[in-house]
Amino acid sequence: MNNTPANAVEVRDLKVRRGTTQVFDGLQLDIPRGQITGLLGPSGCGKTTLMRSIVGVQKIDSGDVTVLDDPAGTSPQRRRVAYDTQAASVYGDLTVSQNLRYFARLIGAPRSDVDRVIGQVGLRGHADQTIASLSGGEENRVSLAVAMLGSPELLVLDEPTVGLDPVLRAELWTLFRALADGGATLVVSSHVMDEALRCDRLVLMRAGRIIADTTPAGLLAETGTDDPDAAFLALVERDEAAGHHAAPDVDTVEDADAEAAPGADTTPSPHTEPEHPLTRRELREAHESGEHHARENEEGER
Ligand SMILES: Nc1ncnc2c1ncn2[C@@H]1O[C@H](COP(=O)(O)OP(=O)(O)OP(=O)(O)O)[C@@H](O)[C@H]1O
């Protein structure tokens with residue numbers, strides 16, 4: 001196993017089953033520090049499952065996921081790794097700044113971080129609005145702001161720009177670049193291929209496999225096109241020509257609820273998604289229940 005400190009994340013022989021779907025069957029991946037790595041691929045290819053594995057909330061069957069030199073999900077990472085899920089995980093009846101002050105206290109981030117992150121996600125004008133009164137895109141930006149509290153070393157962002165207009169998307173990518181320039185490592189998933197060109201590195205996934213691990217320039221050069229969508233299609237065709245299946249076997253997703261860890265908060269709420277526990281949300285739950293959620297990864301999915 002390569003323990004190069006230059007990597008923020010190392011995935012070795014990862015096998016993950018979700019329900020009856022074998023999502024990964026021996027995945028290998030290195031994610032370098034201080035860069036923006038884009039995770040791209042069609043819906044269901046395993047992007048979220050990989051992110052969950054990196055932040056340590058996904059039960060794995062076998063393999064190793066090493067994050068910032070420790071096993072994924074271990075307690076040293078609680079403040080060093082942030083996870084922004086697809087579903088915003090904030091309190092609807094609190095204002096933007098109340099939410100951020102609350103989460104800042106939980107993770108021990110300086111109070112001055114609250115103003116900083118509200119400004120960075122462009123929500124200064126909405127700081128005193130309740131979450132329930134925000135648009136979906138604004139609410140997602142609050143969740144992103146929560147992830148940025150405490151200046152984590154690794155930010156894992158699941159489709160952070162979904163539903164945003166092109167101007168806001170461009171602003172957020174400028175922010176991601178500034179965070180990486182400041183030394184942070186970002187893992188960002190997206191369906192939008194033109195966002196791929198803003199990453200330092202691209203991991204293109206298909207049906208639980210990595211079909212390309214490259215750079216934007218490498219992707220375009222390798223496929224002889226200047227259009228990232230065409231480049232991705234070319235790689236998919238190449239993958240198909242090599243005899244790989246289009247999708248993993250999916251028999252049922254009926255047992256999706258079985259993924260909630262014992263003790264996890266499964267109370268339905270428009271602002272939480274039990275299936276995707278948030279690292280900072282875990283902190284909140286641990287705070288509220290007095291329990292330590294490191295055990296979630298041990299007990300995991302049933
Ligand atoms: N709770 C679950 N129970 C059973 N199967 C699941 C569950 N969650 C995900 N899967 C399956 O695992 C596979 C990978 O899903 P995952 O959410 O990681 O994909 P994704 O690439 O993030 O998709 P999207 O871009 O739509 O978010 C899919 O086939 C999905 O149907």
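All figures in this text were calculated on a predicted structure; none of them were measured in a lab. Heavy atoms only: backbone and side chains are in, while hydrogens, waters and symmetry mates are out. Remember, it's 1-based here, ligands and their atoms both numbered in the order they're listed. Count residues from 1 along the sequence.
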- Can you list the atoms of ligand 1 that are under 4.0 Å from a heavy atom of S43?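 Matching atoms, with element in brackets: 23 (O), 24 (P), 25 (O), 26 (O).
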- Item | Subset of ligand 1 atoms that lie under 4.0 Å from at least one heavy atom of T49 |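 The atoms of ligand 1 under 4.0 Å from a heavy atom of T49 are 14 (C), 15 (O), 16 (P), 18 (O).
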- Message: Any heavy-atom pair between the side chains of D25 and V16 that's under 4.5 Å?
- Response: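 SC-SC contact between V16 and D25 ruled out.
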- Item | Short N or O distance, C45 and ligand 1, threshold 3.5 Å exclusive |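 Yes, there is a polar N/O contact under 3.5 Å.
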- Message: Using a plain distance cutoff, I'd like to know if R18 has any nitrogen or oxygen under 3.5 Å from a nitrogen or oxygen of ligand 1.
- Response: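 Yes; the residue has a nitrogen or oxygen that sits under 3.5 Å from a nitrogen or oxygen of the ligand.
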- Item | Between T161 and E195: side-chain donor-acceptor atoms closer than 3.5 Å |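 E195 and T161 do have a side-chain donor-acceptor pair below 3.5 Å.
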Taking [X] for the side chain and [Y] for the main chain, is one N or O donor matched with an acceptor at less than 3.5 Å?
{"X": "D227", "Y": "D229", "answer": "yes"}
{"X": "S189", "Y": "K47", "answer": "no"}
{"X": "R78", "Y": "G73", "answer": "yes"}
{"X": "S53", "Y": "T49", "answer": "yes"}

Hey, is [X] one of the residues with a heavy atom under 4.0 angstrom from ligand 1?
{"X": "R52", "answer": "no"}
{"X": "E159", "answer": "yes"}
{"X": "Q86", "answer": "yes"}

- Under-4.0 Å heavy-atom contact with ligand 1, by part of H191 that carries it: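 Side chain only.
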- Query: Heavy atom under 4.0 Å from ligand 1: found in V23's side chain, backbone, both, or neither?
  - Reply: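 For V23, only side-chain atoms sit under 4.0 Å from ligand 1.
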- Which option out of P42, G46, G19 puts a heavy atom nearest to atom 19 (O) of ligand 1?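 It is G46 that holds the nearest heavy atom.
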- Task: List the steps, then state whether salt bridge (charged side-chain N to carboxylate O under 4.0 Å, His left out) holds for D213 with R201.
- Result: CA-CA 7 Å; D213 183 347; R201 215 163 130 265; 2.5 Å; yes
